[in-house]
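Reviewing the structure listed below.
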Amino acid sequence: PALADPGVVTTVGLWRRARLRPGGHAGGPFAGLAEALVGQTALPELLAGRQDTTSLARHLKGSVDDPAFSIVTMLNQIEDAARGRGELLAIEKACLVLLVDQLEELFTTSAVTAEERTAFIRCLDGLARSGRVYVLATMRSDYWHLAAETPLLVEMAAGNARLDLLTATQDEIIEKLFD
């Protein structure tokens, strides 16, 4: 949540947020991504006109190497409107943070094929490379070895792009419960 606080990312003045579990949608990870992208805190404006979540999912799946066009276009429109209302400085932009929770589901859900998993990771990479979508993914460390099946995922997590967390202590768990 702190990522969207003012000043954390100095050039971003307006954040939209989307969250998905890649194994949490009966239509597969692309359908889940499309639904997340049009959620209330994300980009519901994507549904304006004749587009629906099915066609958005089809677009994302069909353009995995450069999936961000409609998302960046919408962020530009949102940015222009906010700037027109005086809510955004000239040096600031609008961005989307996409939280992919339980990424290990791409590997553990039997309905997700290796080809679909690779395509979905390519799509996430394309969104991240747009510079307007910040992709944050969680994956249990006891499943990380499965990432080797998708070299692009390992590449995306290289260097400072990966943060390994220690197991929470009992005190930390109790503290979080009472926040």
Go through the steps for Leu152 and Glu155 under the test side-chain contact (heavy atoms from CB on, under 4.5 Å), then give the verdict.
-> CA-CA 5 Å; Leu152 178 58; Glu155 181 183 320; 4.3 Å; yes
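- By the rule that hydrophobic residues join a cluster once side-chain heavy atoms approach within less than 4.5 Å of another member, Leu75 and Leu99 end up as members of separate clusters.
- Asp52 and Ser55 are linked by a side-chain donor-acceptor pair at a separation below 3.5 angstrom, with hydrogens and angles left out of the test.
- Side-chain atoms of Leu165 and Ser141, non-hydrogen and from C-beta on, never get closer than 4.5 Å to each other.
- A distance of 10.0 Å separates CG of Leu96 from CZ of Arg132, quoted to the nearest 0.5 Å.
- Listed by first and then second residue, the salt bridge (charged side-chain N to carboxylate O under 4.0 Å, His left out) pairs that reach into residues 88-99 come to none, sequence neighbours excluded.
- Distance check: Ile174 CD1 to Thr169 OG1 gives 8.5 Å after rounding to the nearest 0.5 Å.
- A salt bridge (charged side-chain N to carboxylate O under 4.0 Å, His left out) check over residues 14-28, counting only residues at least two apart or in different chains, returns the pairs Arg16-Glu45, Arg19-Asp101, Arg21-Glu105.
- The side-chain heavy atoms of Pro29 and Val112, taken from C-beta on, include a pair separated by under 4.5 Å.
- Between Met156 atom CE and Arg129 atom CZ the span is 9.0 Å, to the nearest 0.5 Å.
- Atom CD of Glu116 is separated from atom OG1 of Thr109 by 10.0 Å, given to the nearest 0.5 angstrom.
- Note on Glu87 versus Arg83: no salt bridge recorded, every NZ/NE/NH1/NH2 to OD/OE distance being 4.0 Å or above.
- For the residue pair Ala34 and Thr53, the shortest heavy atom distance occurs at CB-O, 3.5 Å.
- Legend: residues meeting side-chain contact (heavy atoms from CB on, under 4.5 Å) with Ala147, ordered by chain and number and at least two apart, are Trp144, Leu153, Val154.
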Checking side-chain contact (heavy atoms from CB on, under 4.5 Å) for the pair Leu98/Leu136: CA distance, chi angles, key distance, verdict?
-> CA-CA 6 Å; Leu98 172 63; Leu136 304 175; over 6 Å; no
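- Rounding to the nearest 0.5 Å places CG of Leu20 at 8.0 Å from CG of Leu37.
- In this structure, Val100 and Leu124 have side chains that are in contact, with non-hydrogen atoms separated by less than 4.5 Å.
- Under the 4.5 Å side-chain heavy-atom criterion for grouping Ile, Leu, Val, Met, Phe, Trp and Tyr, Val12 is not connected to Leu88 through any hydrophobic cluster.
- Linking ILVMFWY residues whenever their side-chain heavy atoms come closer than 4.5 Å, directly or via other members, places Leu60 and Leu46 in the same cluster.
- Across all their heavy atoms, Pro67 and Cys123 have their closest contact at CG-O, 3.5 Å.
- Residues in residues 24-73 take part in these ring-ring contact (aromatic ring centres under 6.0 Å, His included) pairs, two or more places apart or across chains: Phe30-Phe120.
- With sequence neighbours excluded, no residue forms a salt bridge (Lys or Arg N to Asp or Glu O under 4.0 Å) with Arg58.
- The main-chain N or O of Glu115 is never found under 3.5 Å from a side-chain atom of Thr118 such that the two would form a donor-acceptor pair.
- The two atoms that bring Ala42 and Ala36 nearest to each other are CB-O, 3.3 Å, heavy atoms only.
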Asp171 vs Ile173, side-chain contact (heavy atoms from CB on, under 4.5 Å): CA-CA, chis, key distance, verdict | CA-CA 5 Å; Asp171 289 340; Ile173 292 171; over 6 Å; no
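- Residue Arg117 holds its CZ atom at 5.0 Å from OG1 of Thr150, rounded to the nearest 0.5 Å.
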Residues Ile78, Leu14; criterion side-chain contact (heavy atoms from CB on, under 4.5 Å); working and verdict | CA-CA 9 Å; Ile78 291 165; Leu14 190 153; 4.0 Å; yes
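- Using modelled atom types, no side-chain atom of Ser130 and backbone atom of Ala68 make a donor-acceptor pair closer than 3.5 Å.
- Residues Leu43 and Trp15 do not share a hydrophobic cluster, defined by chaining ILVMFWY side chains whose heavy atoms lie under 4.5 Å apart.
- Applying the under-4.5 Å side-chain rule to Ile, Leu, Val, Met, Phe, Trp and Tyr, the cluster around Leu89 extends to Ile91.
- There is no path of hydrophobic side-chain contacts, each under 4.5 Å, that joins Val72 to Val135.
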